[in-house]
Amino acid sequence: MELRHLRYFSAVADAGGVSRAAARLNISQPALSRQIRDLETELGVSLFDRRGGRLRLTGEGEDLLNRGRQLLTGAESFRERAGALRAGDAGIIRVGVAPLTLESLLPPFLVRHQRRHPRVEVRLAEDSPDRLWARVERGDLNLAVSFPGHEGLGSRLLFPLCALGVMSREHRLSRQTTLDVSDLSQERLLLLGRQFLTRQWFDRACQRAHLRPKVLLESAAPHALIALARVGYGIAIIPSHTQFDRHHVRAVPLAQRGAALGAWAAIAWDPHRFQPPFVERFVEELATYSRHFYPGKGLTRGRILASVPTK
């Protein structure tokens with residue numbers, strides 16, 4: 001059975017006869033009658049009652065007509081979808097992202113993107129940076145937002161971020177505009193777990209400076225660290241794209257010998273896989289949005305921002 005058989009069936013039912021339907025379809029009446037009989041033979045049921053010289057739908061015909069029209073509607077929708085895909089106007093984008101970046105960067109952008117491109121569906125996957133790159137290589141994800149440096153992937157820089165020292169406003173270091181890692185040698189520290197890149201940057205800086213930090217707490221929840229820092233329990237080390245209320249704490253960028261502890265976030269893809277135009281537009285629009293509205297913008301300017309590579 002082909003879709004044209006269903007179209008012929010629907011046309012005859014709508015016209016109330018073969019001759020009128022044939023005229024509308026621009027085919028001969030015998031040819032149309034033959035197509036209807038072939039469809040009935042294939043289905044094994046009578047679609048029309050032909051008694052009295054008139055065609056009337058049988059009970060089976062009425063049931064199958066409704067289902068046939070659903071199939072025709074679905075096929076038309078399928079063709080329209082394919083045309084939209086050819087034009088690059090519709091489809092699904094699978095984007096992987098780390099939890100903090102998901103919270104701080106994507107929500108407002110995704111709302112804007114959805115309004116501009118209502119036929120593009122963005123599906124998100126949350127994972128760690130290393131796993132995100134692997135999932136892009138496997139083809140599980142079209143894109144991943146994390147940090148560049150993975151060989152074999154194409155990428156576009158989005159925004160700079162750095163490690164921050166967050167403390168109470170009464171802390172003795174709160175008036176400094178930059179904190180060197182050596183300034184923290186005698187401080188009580190509240191650190192993220194070792195799976196976080198910010199923690200890895202900090203650990204490497206301590207190793208280079210031959211420091212053994214005083215760690216009071218390791219946590220996977222940056223906001224828990226900030227809450228403790230606010231009441232003076234220690235200094236929290238968190239990434240600058242963390243969303244938090246800065247009115248009751250002081251956040252100072254961390255550096256080592258004038259170089260920021262940080263990197264540029266990027267969006268990456270597999271250059272060996274075809275990416276539809278709507279995926280390319282997503283990358284371009286996110287990069288443009290990030291330049292103007294990236295999280296922690298006020299904390300990564302000046303010397304700290306300049307010390308993070310831009311290429």
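This structure is a prediction, so every number in the text was calculated from the model and none was measured.
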Heavy-atom pair with the smallest gap, counting every atom of [X] and [Y]:
| X | Y | value |
| --- | --- | --- |
| D245 | H248 | OD2-CD2, 3.9 Å |
| L158 | A287 | CD2-CA, 3.7 Å |
| A251 | V166 | CB-CG2, 4.1 Å |
| S146 | L132 | CB-CD1, 4.4 Å |
| A220 | F196 | O-CZ, 3.6 Å |
| A163 | I237 | CB-CG2, 4.4 Å |

So with a 6.0 Å cut-off around [atom1] of [X], is the heavy-atom count from everything else above 12?
| X | atom1 | answer |
| --- | --- | --- |
| R188 | CZ | yes |
| R138 | CZ | yes |
| Q114 | CD | no |

_One pair to check against side chain to side chain contact (heavy atoms under 4.5 Å, CB included): L286 and R281. What are the steps and the verdict?_
CA-CA 8 Å; L286 181 58; R281 279 198 298 270; over 6 Å; no

_I want to check a possible cation-pi pair here: R56 against F48, using under 6.0 Å from ring centre and within 45° of the ring axis as the test._
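No, R56 does not lie over the aromatic ring of F48.
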
So, the side chain of [X] versus the backbone of [Y]: is there a donor-acceptor pair under 3.5 Å, distance only?
| X | Y | value |
| --- | --- | --- |
| S219 | L225 | no |
| H292 | Y289 | no |
| R273 | E137 | yes |
| T58 | S46 | yes |
| R20 | D14 | no |
| R199 | L192 | yes |
| Q176 | T178 | yes |
| R250 | S168 | no |

Flag side-chain contact, heavy atom, 4.5 Å: [X] against [Y]:
| X | Y | value |
| --- | --- | --- |
| L173 | V252 | no |
| L47 | V12 | no |
| L191 | I238 | no |
| I267 | L157 | no |
| V122 | H113 | yes |
| L143 | V97 | no |
| I235 | H171 | yes |
| P222 | F244 | no |

*asked:* R4 vs Q35, test: side chain to side chain donor-acceptor pair (under 3.5 Å). Steps then yes/no.
replied: CA-CA 9 Å; R4 61 185 174 87; Q35 293 288 343; 2.9 Å; yes

Starting at [atom1] of [X], measure out to [atom2] of [Y] and round the result to the nearest 0.5 Å.
| X | Y | atom1 | atom2 | answer |
| --- | --- | --- | --- | --- |
| E42 | R37 | CD | CZ | 15.0 Å |
| E126 | E103 | CD | CD | 10.0 Å |
| L261 | S240 | CG | OG | 11.0 Å |
| R7 | L71 | CZ | CG | 11.5 Å |
| Q275 | N142 | CD | CG | 5.0 Å |
| Q29 | R34 | CD | CZ | 11.5 Å |

Can a salt bridge be assigned to the pair [X] and [Y] using a cut-off of 4.0 Å between side-chain N and carboxylate O?
| X | Y | value |
| --- | --- | --- |
| D180 | R257 | no |
| R123 | E121 | yes |
| D140 | R94 | no |

*asked:* As a quick check of understanding, evaluate side chain to side chain contact (heavy atoms under 4.5 Å, CB included) for I36 and V18, giving each step before the final call.
replied: CA-CA 9 Å; I36 296 299; V18 174; 5.5 Å; no

*Where do R112 and E285 land on the salt bridge (charged side-chain N to carboxylate O under 4.0 Å, His left out) test, with the steps shown first?*
CA-CA 10 Å; R112 293 170 58 153; E285 291 181 15; over 6 Å; no

*Chi angles and distances behind the side chain to side chain contact (heavy atoms under 4.5 Å, CB included) call for R135, D127*: CA-CA 10 Å; R135 293 177 68 176; D127 218 327; 3.1 Å; yes

*What's the verdict on side chain to side chain donor-acceptor pair (under 3.5 Å) for S10 and R69, showing C-alpha distance, side-chain angles and the deciding distance?*
CA-CA 7 Å; S10 178; R69 283 174 171 163; 3.3 Å; yes

*Hphob cluster co-occupancy, V111 + L124, side-chain heavy atoms under 4.5 angstrom*: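 Cluster IDs for V111 and L124 differ.
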
*Would R194 and Q200 satisfy side chain to side chain donor-acceptor pair (under 3.5 Å), going step by step from the backbone distance to the final call?*
CA-CA 6 Å; R194 297 180 187 276; Q200 296 169 24; over 6 Å; no

*Walk me through it: do Y294 and F109 pass the test ring-ring contact (aromatic ring centres under 6.0 Å, His included)?*
CA-CA 10 Å; Y294 68 84; F109 169 76; over 10 Å; no

*Apply side chain to side chain contact (heavy atoms under 4.5 Å, CB included) to D49 and L57, showing your working.*
CA-CA 6 Å; D49 185 344; L57 284 169; over 6 Å; no

